[in-house]
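Note that this is a predicted model, so its numbers are computed, not measured. The analysis underlying the following values was restricted to heavy atoms, covering all of them including side chains, and did not include hydrogens, waters or symmetry mates. Chain A is the first sequence line, chain B the second, and so forth, proteins listed ahead of strands; every chain is numbered from 1.
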Amino acid sequence: MPRSVPVLHTPPPNTGSTQYIQPVPCRLLRNIRRQNNWPRHTTADGTHKRTRIRMNTVTVSTSVKQSLMMSRRANRMQRLGQMLGQAFLFSITSLSAIAVLFIFVFITRDAIPFFMPDAGSFNWSNIRQFFTETAWYPSARPGQFGALSLFYGSAMVTLGAVLVAVPLGISAAVCLSDVLPFSLRQIVKPVIEILAAIPSVAYGFFALVVFAPLLQNSGGSVLAFGFWLVALPVMGIACMLAGETVGARFSETRRRAAALTATACLGGASLALLWLIGRELSGMSISSGANAFNVSIILGIMALPTVVSVSEDALQAVGRELREGSYALGATRAETIIKTVMPAAISGILAAVILGVMRAIGETMVVWMASGNAAQIPSPFYNFMEPVRTLTATIAGDMGEADHVTGSSRYHVLFALALALLAFSFIMNLVSEAIVRRSRKKLGK
Amino acid sequence: MNLHTRKLLDRSFTAAGFFAIVMMACALILILYPIISRGLGAYIFRATCEHRRVQFEEFQAGSRQEIEREAAEIAAVRQPVFDMIAAHEKDLKAELQEAFDQVRALAAAEGGFLQRSLERRLKRAHADASLEECLAVLSDIRESLKGQYDHERFIGVIGVITERKQRVEQAAGKLSDMKHALRDLLGPLPGDRRPELLRSHYGQTRWDRSLHYLDKFLYRYDWDYTNAENTGVKTRTPRADEFRGTDLEPAFGYVRDNIEAMMQPRLTFYWRFLTTDSRDAHFFGGIWPEVLGTFYLTIGAMLFAIPMGVIAAIYLCEYARPTKTVSLLRSCMSTLAGVPSIVFGLFGLAFFLNTVGVSDSKSVLAGSLTLALMILPTVIRASEEAILAVPFTYKEAALGLGAGRWRTVLTVILPAALPGILTGIVISMGRAAGETAPIIFTAAVSVGLAISPLQALDSPTPALPWNIYNLCTEHEAVDEIRHVQFGMVFTLVALVLALNIIAIALRARISRKLRG
């Protein structure tokens with residue numbers, strides 16, 4: 001059993017029935033007194049004074065009585081005013097809903113002519129070309145609009161970003177919610193906030209001006225370093241675990257020595273393997289620094305804050321009781337989190353991943369600047385070292401040339417791309433909302 | 001699994017968490033470090049005398065006496081180089097002399113029409129004529145001699161002309177190459193015609209760029225393609241070798257040793273980078289129009305987004321009952337938050353510009369509206385959280401004193417929630433300032449002057465985010481103005497981070513106050 005009981009950092013649950021009574025600042029209440037039409041009475045020396053209402057006085061002056069009686073007409077006016085006010089508030093609030101509606105309507109309206117050049121009939125060959133071909137030559141005559149490679153590029157960099165952001169983000173969230181003490185957490189939180197605040201064009205600039213030349217000039221070393229950084233600790237832990245398992249087969253006296261020997265042997269072998277792979281990687285040369293790999297890393301870093309903060313919220317929402325129960329049964333912290341907390345928070349974590357995906361797929365500047373903008377499916381298809389082109393970058397890049405020819409198919413095809421993006425983000429949003437709703441129901445909140 | 005293994009797993013699990021957090025912090029440092037260190041280089045750098053001259057002539061900054069005194073000093077140091085060039089040119093011209101003598105003799109011997117035409121041409125190659133002119137006259141003469149019907153007679157002269165010309169032309173080519181490199185470093189040489197582009201009116205304004213061009217002056221870089229199977233290999237040869245044995249040979253050593261005296265670098269805090277506009281596509285000057293454009297766009301977006309956002313938050317928190325309509329509204333808002341920023345840009349183009357027509361072309365107004373829509377969900381959510389964080393007791397007390405619902409909101413809840421709302425607003429301001437995609441089609445232009453607030457209604461503006469993109473991808477001389485790009489990125493990031501630090505400080509104050 002673990003010797004030290006882990007410290008719980010989750011705040012005490014707020015059950016609602018035992019709310020802490022907050023003192024009300026007098027300053028705020030004074031506002032009310034000053035503006036409310038409290039009945040006044042005139043004192044002997046002619047100055048006005050506010051009447052004091054005492055609960056236990058039976059004799060209330062007549063003027064007060066009169067003013068407290070509201071005429072029916074004033075009442076009606078007041079209610080009308082309230083209703084109008086509420087209607088006004090509601091209409092302002094619904095503006096954002098109308099905006100969403102308008103976005104859908106206007107993007108669709110300009111996308112439709114691409115699919116239906118003659119009103120009412122679909123142009124099936126156009127649609128087939130759009131979804132299944134990779135030739136993207138909008139300025140050719142007639143234009144070729146095979147957007148498959150663009151869809152593929154978007155999917156590829158998003159996948160790369162998820163591969164970077166999700167493992168890092170979830171481990172960071174776990175660390176933030178269950179491991180770090182409060183004071184350290186206060187230091188780490190601003191780091192996340194600053195990462196989220198840096199403008200996307202600054203990320204793109206970094207990717208293009210700093211990271212891409214680095215990859216192009218010494219890409220092999222960068223890859224080898226990254227590989228060692230990740231693989232070395234993983235291998236080390238795996239070797240130690242394997243050593244322990246081997247040691248467990250021996251008798252009590254020889255267990256320790258056997259485990260150590262096994263760990264050392266395995267460690268040596270895996271080090272040799274790592275060294276070989278690292279040498280192979282460092283010999284690689286990357287022909288262009290502006291490629292899917294570069295963009296994936298940067299997009300992953302950009303999506304990190306979203307993933308971390310949303311999944312941390314989900315982990316916090318699980319509450320103290322489940323953790324306490326698990327610890328009481330003798331589980332270590334890792335076991336508690338993996339076997340108890342994570343399954344309870346899985347829907348929140350999924351929502352975090354979805355939000356991260358949306359952030360990555362909707363990002364424009366980084367991919368436009370640093371992905372190389374080559375409308376192609378890399379060969380082989382999993383080659384992250386080749387330039388790609390994404391939906392967002394195509395919209396941003398081609399619209400500059402197409403907006404002079406408003407109404408042409410190269411203008412409308414960009415709206416079709418936007419519609420695809422919009423539909424994807426809408427569906428993702430619905431899914432994440434459904435997941436969050438389900439999790440709330442499950443947690444009983 | 002035994003206890004030992006479980007402990008090991010537990011520790012490695014913790015280590016993975018720490019690893020992730022350290023990686024995140026490292027990523028932040030790695031990204032911010034070059035931006036800050038090189039971005040500060042746009043403001044604080046070793047400025048050469050050329051920089052001070054640009055500032056004086058283009059921006060009327062600095063004192064005339066100072067500039068003139070410095071110009072005299074520099075001219076004194078630079079003069080020997082120009083003298084060496086002149087001497088070398090003279091040598092080359094002297095080498096041509098034999099050819100001219102032969103032509104002159106031929107003209108005297110021939111007489112008649114040929115003499116007149118040759119002498120007319122020879123007159124153009126007088127003593128003060130430049131080397132290029134003399135060469136041009138020689139080839140002219142050769143062509144005219146070749147054009148004669150009995151040109152076999154002149155074969156001797158033509159041969160001499162051709163041989164001399166070839167020899168001198170080779171040397172002249174090297175010389176003009178070297179002069180070109182020198183021009184890049186020091187600005188126009190004496191006797192040059194006034195160049196058309198402003199960027200060639202001055203030498204290098206920064207010491208780091210000066211050293212770069214000094215290297216290009218001292219060495220000649222070529223690509224060696226002799227190995228056809230490989231890509232080209234860069235070769236570097238000292239220029240002094242090309243002029244070995246001529247008057248020009250000592251010039252290279254002289255320039256190398258006296259470059260500090262020639263450029264007079266001085267550490268300068270160039271605050272005008274922020275407050276002046278640019279000249280000749282950001283070769284000189286600052287980024288004021290971009291900063292101002294970003295400012296307009298951000299303020300414009302906030303003007304639309306704050307009232308709408310705060311009112312919507314008030315409605316959602318204080319008035320709305322959990323009906324179907326309200327939950328639909330909420331899911332619309334989260335959809336709006338998830339719409340990709342580039343789609344907002346397209347919507348702004350299709351709706352605000354092409355359908356409503358808020359202005360004839362791109363304008364700050366259209367950009368602000370688009371940005372406002374984009375940050376609306378953020379403002380609403382932040383304000384809602386701030387309002388919900390106001391303790392319920394405040395509201396109860398206000399209602400208990402007889403205030404109506406509206407008055408409670410206005411006098412108690414909003415003031416109490418104000419710091420929280422401000423935090424949200426400041427954060428979304430940062431987001432609006434840094435966003436690029438929505439303004440590409442609605443507000444931003446690559447080149448432009450600072451505009452007045454009134455012009456903002458119907459004219460586009462340069463803006464920091466867009467111009468960062470533009471300068472580092474579409475500018476004609478990307479490498480020449482790296483410092484401007486870094487300076488712009490640094491300014492934008494500093495702006496956004498300052499806003500965020502304000503927000504963090506605000507929030508720290510609130511949490512301190514709430515904790516008592």
Enquirer: More than 12 non-hydrogen atoms from neighbouring residues, nucleotides or ligands closer than 6.0 Å to CZ on B/R381, yes or no?
Expert: no
Enquirer: Heavy-atom cut-off 4.5 Å, strictly under: side chain, backbone, both or neither for B/L28 against chain A?
Expert: both
Enquirer: For the pair A/W368 and B/Y469, name the ring-plane relationship: parallel under 30°, tilted 30 to 60°, perpendicular over 60°.
Expert: parallel
Enquirer: Of the backbone (N, CA, C, O) and the side chain (C-beta and beyond), which part of B/V496 lies under 4.5 Å from a heavy atom of chain A, both, or neither?
Expert: side chain
Enquirer: Would you mind listing every salt bridge (Lys or Arg N to Asp or Glu O under 4.0 Å) that reaches into residues 87-98 of chain A, with sequence neighbours excluded?
Expert: none
Enquirer: Under 4.5 Å heavy-atom distance to chain A, tell me which part of B/P34 shows up: side chain, backbone, both or neither.
Expert: side chain
Enquirer: Below 4.5 Å from any heavy atom of chain A, which atoms of B/I440 appear? Answer side chain, backbone, both or neither.
Expert: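 The side chain, not the backbone.
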Enquirer: Counting only non-hydrogen atoms closer than 4.5 Å, does A/M240 touch chain B with its backbone (N, CA, C, O), its side chain (CB onward), both, or neither?
Expert: both
Enquirer: Let me know if A/Q86 has heavy atoms under 4.5 Å from chain B in its side chain, its backbone, both or neither.
Expert: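 Interface part for A/Q86: both.
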Enquirer: Select one option (side chain, backbone, both, neither) describing which atoms of A/R109 are under 4.5 Å from chain B's heavy atoms.
Expert: side chain
Enquirer: Can you tell which part of B/F344 gets under 4.5 Å to a heavy atom of chain A, answering side chain, backbone, both or neither?
Expert: side chain
Enquirer: Heavy-atom distances under 4.5 Å only: say whether B/I31 touches chain A with side chain, backbone, both or neither.
Expert: both
Enquirer: Measure distances from B/M308 to the heavy atoms of chain A and classify the residue's part below 4.5 Å as side chain, backbone, both or neither.
Expert: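 Both the backbone and the side chain of B/M308 come within 4.5 Å of chain A.
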Enquirer: With only heavy atoms counted, which part of B/L8 is less than 4.5 Å from chain A, the side chain, the backbone, both or neither?
Expert: side chain
Enquirer: Can you say whether A/F206 sits under 4.5 Å from chain B via the side chain, the backbone, both, or neither, judging by heavy atoms?
Expert: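 Looking at A/F206, just its side chain touches chain B.
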